[in-house]
Amino acid sequence: MSSFFDYLAFQAKCKDTPTALLARARDDAPTPRDYQLSAVESTLSASNKSMVIILPCAAGKTLVGVYTYLRESLELAPNHGRTLVVAHGPSNALQWKQQFLMHTTLPDHTICIVQDQNDTLFCKQTTRIVIATLPMLTKQNPNSVVRKLRSYEWQRCILDECHEAPTERYGEIFKWNVKTWTALTATPLRADGNFCVISNTIGNELSPVSWSTLESMGFICPLDIFKVGCPLDDQWHKMYTSRKASAFVRAMIELYNPIKLATAYSLLKHWTEQANASQSHDASESFVPRSTVVFCDNLELLHLFCYYAQIPVVDGSTPDRQREALFADMRTRRILAIGMSRCGDTGVDIPPISRILQLDALQGSQRQEVQRAGRALRIDPCKTRSHMYDLFTNGTGHETHAWTRVKFLQDQGYVAQRFSPGTTLCGSIQTSTLDATQSDGGDTIDNTASSNPFITDDMRRWMLHSILSFESRKSKEDADCLHDKVLVDKCTAQLQELRTLERNHKARIASASGSIPNKIGKKNSFLSAACSRRNNAARDLRKQLAEAKQSLESKRVSVFGLVTSHMSL
């Protein structure tokens, strides 16, 4: 199917299909792109009508799933079965439902988002699309909802973020009664190298368009990547290179490097001041503020930085309602910056952003780097380019991980530029080197102790104390874990002994139970033989008695005859 107009022509041919639940494309829906429809056509023309579709971030993978359902429902109507969509989280599930309602004529009641408490809604005959979240489907102890989902026959299963499918718990979905599959991902990457398991299970991989092609066509925003290497000051470097420093202390020093945090704070402050200054200009010279997301995997560091930067935080414990309210404020530019943990990598509908500031990441994870970079690729009228700043500590493992993470993006044609903010704690940073939006190359970021809380002596002492406290706490936790492990091993050994004793006891009981009938049988045989001998002896005695009686009678007759004959004489 080469274009959307071909799809409309195909839909027109099916207008007389006799079914009330037939889904069609809405007339007022945004027109899908050619590469999206090409992916749909390739999927349905495959031998098993299944495909692993790899599209760049912000390229519209959701629409590929939506139009796959539309095309298949037109071909198979009225015998088209139900479709199961496996979303990454609640926010992602709601996004899928919104896309189905936006692009199809399906009524709201025919699309059901399954939760733990609504175990009867998707059982209705009118339900055509069931959207379930990955955490619910991969519970170790499945509830009645999951058991019902497993018992159904599905026409198609759409796996979003399918790069997680090779995991043991996620892989159980492949055993369900599903006829055809559509797997979607932007990052065909796994640290264990098992992404090939998906193609071996589902079907061939398809990458209909490259990142550079989408950028040249204007479908994704151009991205500049800056790798900002920050040195350690003398005190921290001496502590880092000390022989007494444990691996945990070195990792914390890399993470809490004051120069790195001061650089991030200075950049964020400069962007905020720039946005505030633009609001004072005339309407003809108005400047639309650009939003920023600060990514940090370490929650303690994330909350520390956001507290001093005075920006809100979204992590795994943030309620959905509060998170959506913060995102709504970002869309209206009431909030220009927000801090996010690893929960913002996937499954969350983040508003279009212009800058990404990364303080901590998952070591050398290329998948996480691509997912976070994709947050800045979404097209927005308020921006022409996006920027990603990855801050790390020079000469450490963080630097190695930083350059490992960006390899996939470099393979897609992106260039990662290295930048060093300076070697002194109170140096200045030329923003023209970092930010392409600056019109005046002479602007500098004030990185003095009076304006940056992360380079004060008190803050540095507090962070060093915190690192040592973390080590002490971690050592105690490790000791507790070791004690618990020893206790668990001891209990396990005792339990094993009890189980061995139980098995031996059961074996003795079984042996004794088997020997009793044998003994009884032997005793019965002995009694039978004795009874037989007794009976034989009694029979012999009776026979001898009868013979003796017969002999006695014959003798009596003979004597009587002699007496009679003698009396007659």
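For the numbers below, each heavy atom of this structure counts, side chains included, while hydrogens, waters and symmetry mates do not. No experiment lies behind these values; they were computed from the predicted model shown.
- A distance of 8.5 Å separates CG of L377 from CD of E215, quoted to the nearest 0.5 Å.
- The side-chain hydrogen bond (donor to acceptor under 3.5 Å, both in side chains) search around Q368 returns D297, D345, not counting sequence neighbours.
- Electrostatic pairing of E399 and K227 does not count as a salt bridge here, judged by no charged N lying under 4.0 Å from a carboxylate O.
- Classified by interplanar angle (parallel below 30°, tilted 30° to 60°, perpendicular above 60°), the ring pair H387/F226 is parallel.
- Rounded to the nearest 0.5 Å, atoms CG (L206) and OG1 (T182) are 11.0 Å apart.
- Contacts classified as side chain to side chain donor-acceptor pair (under 3.5 Å) and involving residues 301-313 (residues at least two apart or in different chains) are given here: H303-D315.
- Applying the side-chain hydrogen bond (donor to acceptor under 3.5 Å, both in side chains) rule to S386 yields the partners K383; only residues at least two apart in sequence or on another chain are considered.
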Solution key, residues 52-60 side-chain donor-acceptor pairs under 3.5 Å, sequence neighbours excluded:
none

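- In terms of modelled atom types and a separation under 3.5 Å, the side chain of R190 and the main chain of H163 share a donor-acceptor contact.
- Under the side-chain hydrogen bond (donor to acceptor under 3.5 Å, both in side chains) criterion, D320 pairs with R323, sequence neighbours left out.
- Among residues two or more places apart in sequence or in another chain, the side-chain hydrogen bond (donor to acceptor under 3.5 Å, both in side chains) test is passed with T62 by none.
- Between Y389 and W271, the ring planes lie tilted relative to each other; the angle falls in the 30° to 60° range.
- Once rounded to the nearest 0.5 Å, the distance linking CZ of R290 with CG of D380 reads 10.5 Å.
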- [ ] For Q412 and V370, run side chain to side chain contact (heavy atoms under 4.5 Å, CB included): C-alpha distance rounded to whole Å, both residues' side-chain angles, the deciding distance at 0.1 Å, then the answer.
- [x] CA-CA 11 Å; Q412 308 307 315; V370 174; over 6 Å; no
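- Counting only distance, with no hydrogens or angles, the side chain of S50 and the backbone of A46 share no donor-acceptor pair below 3.5 Å.
- Note: W181 and F174 meet the aromatic proximity criterion, with ring centroids under 6.0 Å apart.
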